[in-house]
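Notes follow once the structure below has been shown.
Chain letters run A, B, ... following the sequence lines, proteins first, then strands; residues in each count from 1.
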Amino acid sequence: MTPMFALVDCNAFFVSCEKVFQPRLEGKPIIVLSSNDGCAISRSNEAKNLGIPMGAPLFKIKEIVKRNQVHVFSSNFPLYGNMSSRVMETLKTFSPSLEVYSIDEAFLDLRSVPKSYLFSYGCDIKKIVKKWTGIPVSIGIGPTKTLAKVANNLAKKHPAGCYALLNPEKIEKVLENFPLQNVWGIGSGWSKKLSQFSINTALNLAKMDSHWIRRAFNVILARTALELRGVPCLSLEEISPPKKSLISSRSFGSPITSFEDLREAVSSHASSLAQRLREQRSCASLLSVSLKTNPFDNTGRFYSNTYLVPLVHPSQDTTTLIKAATLALEIIFREGLSYKKVGVMALQLLSEKHIQQPLFNAQNLDNSPKRKSLLKTIDNLNRQHGKGSVIFASEGLQKSWRPKASRLSPCFTQEWDQLVRVG
DNA sequence: TCTGGGGTCCTAGGACCC
DNA sequence: TCTGGGGTCCTAGGACCC
């Protein structure tokens, strides 16, 4: 059976999540901001029509927002994560195999659906997802993932919200008018370089010799060209593999100068990483701490530095990670600067099953059963009572470095006291 | 005053080894 | 004049994605 993929993509996902619980927002211009209330990262159609670009910093669009009474929200990731699960659960009822590609996108395997029935099947999926979750989606169907992405792009402009690319003639016709930079995997950098070879449309690329592309560019691009031609190179990945690296970083709500505050922030990031490492049953063998002042500050005093700490015994223990991260911070901290952002990365992750036990250091904290059960208990408490219910002392209680989130909507789906009230 | 966060993959080039 | 060659591993940087 020939492969057939659907790409289901939620329309203006974060904005749509806000709208589900606040119907008064229907038809209004709405934006959702990035962390620290920085940039617009999700826009309703009405907001797009006002000319608010994707990623626009709030301070640059303040006038438009004020003049048009745009509704502005801080990002509420617990809510979006929960809504995402609802959408994915709904999609599972339409296909036995599904790949959750991102918080608002999933690929479905539709090879078992008869070709003549695919379009209406897609329309049904759209209808049911909207009915069961309140989230509007667009659906693109095609014989490769890349073509499903192309179809999805067209579905967004199609009244049905669904578009199927099923036969070669139609595919060729569509690709002829499809801008290169809209193809999945081709950004502005590649499309500029490709245009030097007179490759300007998706069809131009599809017709190039893939060995030549491989030599002149790289394998990823060669694969993309093949996929556009209808040759599947990317399969459905139903089980998401463990992450190879983890990052925790945040910009500060207001600039931080004191080492103590930075130490608290770094501890919080390290603690969050340790918890996520335990969750995916990995240990980090390398920790990286980065620190920077405001890069938009034009006084010429920009400072940015990173320090890598190898962990002799790969670890997922909060205390070990906090200690290592603090050590790195001490090395890169410079007195007298106003810092804007700090972040911690866990690198070179190994499965906890494959960790070599230390030969000599028998008292290694990470290994004691008591220690493991303590961390497990902390994880359970935080899972049951909400993130941050139990923290390590070094993370601090004040959190003066906390990012701004002044327009946060209620956690409608996760907190009993924030449920929607009716009547 | 004000500009996000979290990932992946590939490649080139250096270090090191025999 | 002439200065090995092949292999592996690691890292930084660049491209992309959402």
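- Backbone-only contact: A:V183 has heavy atoms under 4.0 Å from sugar-phosphate atoms and none from a base.
- One finds no side-chain N or O of A:R223 lying less than 4.0 angstrom from the OP1 or OP2 phosphate oxygen of B:dC9.
- A straight line from OH of A:Y80 to P of B:dG6 spans 16 Å, rounded to a whole angstrom.
- For the OP1/OP2 pair of B:dG5 and a distance below 4.0 Å, the side-chain nitrogens and oxygens of A:S251 include at least one atom meeting the criterion.
- For A:K156, the NZ atom is densely surrounded, since the number of other residues' heavy atoms within 6.0 Å is greater than 12.
- In the set C:dC18, B:dC2, B:dG5, the nucleotide with an atom closest to the side chain of A:S249 is B:dG5.
- If you measure from atom NZ of A:K341 to atom P of B:dC2, you get 16 Å, rounded to the nearest angstrom.
- Counting heavy-atom neighbours within 6.0 Å of A:F119 CZ, excluding the residue itself, gives a total above 12.
- Heavy-atom distances to DNA chain B give each of A:S245 and A:L58 a nearest nucleotide, and the one nearer the 5′ end belongs to A:L58.
- Comparing B:dG7, B:dT11, B:dT3 by their closest approach to the side chain of A:K243 singles out B:dG7.
- Relative to the side chain of A:K193, the nucleotides B:dG5, C:dA15, B:dT3 differ in distance, and C:dA15 lies closest.
- Two end axes, each from the C1' atoms of five base pairs, can be drawn for the helix from B:dG5-C:dC18 to B:dC18-C:dG5; they diverge by 10°, to 10 degrees.
- Atoms OG and CG, on A:S74 and A:N36 in that order, are 9.5 Å from each other to the nearest 0.5 Å.
- For C:dT11, the OP1/OP2 oxygens have a side-chain nitrogen or oxygen of A:Q348 closer than 4.0 Å.
- Rounded to whole Å, the distance from CE on A:M345 to C1' on B:dT8 is 11 Å.
- A cation-pi arrangement, defined by a distance under 6.0 Å to the six-membered ring centre and an angle within 45 degrees of its axis, is present between A:K145 and A:F107.
- Counting any heavy atom pair closer than 4.0 Å across all strands shown, A:I103 reaches no nucleic acid atom.
- In this structure, A:N11 places its CG atom 14 Å from P of C:dC18, rounding to the nearest Å.
- A donor and an acceptor atom, one from each side chain of A:R278 and A:T318, are located under 3.5 Å apart.
- Between the P atom of B:dA12 and the CZ atom of A:R215 lies a distance of 14 Å, rounded to the nearest Å.
- For A:K404 and B:dT1, a side-chain-to-base donor-acceptor distance below 3.5 Å is absent, hydrogens and geometry of angles not being considered.
- Here A:K62 lies in heavy-atom contact (under 4.0 Å) with a base.
- Candidate nucleotides C:dC17, B:dG4, B:dT11 were compared by shortest atom distance to the side chain of A:C39, and B:dG4 ranks first.
- Going from atom CG of A:D109 over to atom CE of A:M4 covers 10.0 Å, rounded to the nearest 0.5 Å.
- Taking NE2 of A:H71 as the reference point, atom OG of A:S44 lies at 10.0 Å (rounded to 0.5 Å).
- If you check every strand for non-hydrogen atoms under 4.0 Å, A:S248 touches sugar and phosphate atoms only.
- The CH2-P distance, from A:W190 to B:dT11, rounds to 9 Å in whole Å.
- Of the candidates B:dG6, B:dT11, B:dT8, B:dT8 carries the atom nearest the A:K244 side chain, counting heavy atoms from C-beta on.
- Straight-line distance from the CG atom of A:L246 to the C1' atom of B:dG5: 13 Å, rounded to whole Å.
- B:dT3 has A:F296 stacked on its base ring, the centres lying under 5.5 angstrom apart and the planes within 30 degrees of parallel.
- Among the nucleotides C:dC17, B:dC10, B:dG5, the one closest to any side-chain atom of A:V219 is B:dC10.
- A cation-pi contact, defined as under 6.0 Å to the ring centre and within 45° of the axis, links A:K170 to A:Y163.
- Counting any heavy atom pair closer than 4.0 Å across all strands shown, A:D104 reaches sugar-phosphate atoms only and no base atom.
- Mapped onto DNA chain B by nearest heavy atom, A:M54 and A:N218 fall at different nucleotides, with A:M54 at the one closer to the 5' end.
- One interatomic measurement links the two molecules: OH of A:Y339 to C1' of B:dT3, which rounds to 20 Å at whole-angstrom precision.
- Closest to the A:L308 side chain, of the nucleotides C:dA12, B:dG6, B:dT3, is C:dA12.
- Checked against A:L175 for a side chain to side chain contact (heavy atoms under 4.5 Å, CB included), the options A:L180, A:L165, A:L205, A:V150 give a single hit: A:V150.
- Of the candidate nucleotides B:dT3, B:dG6, C:dC18, B:dG6 has the atom nearest to the side chain of A:R276.
- Ring-plane geometry between A:Y339 and A:F333 is classed as tilted, the angle between the planes lying from 30 to 60 degrees on a 0 to 90 degree scale.
- Between B:dG4 and A:K340, no contact under 4.0 Å exists linking OP1 or OP2 to a side-chain N or O.
- Counting any heavy atom pair closer than 4.0 Å across all strands shown, A:S188 reaches sugar-phosphate atoms only and no base atom.
- Atom name C1', nucleotides C:dG4 and B:dC17: the rounded distance is 14 Å, in whole Å.
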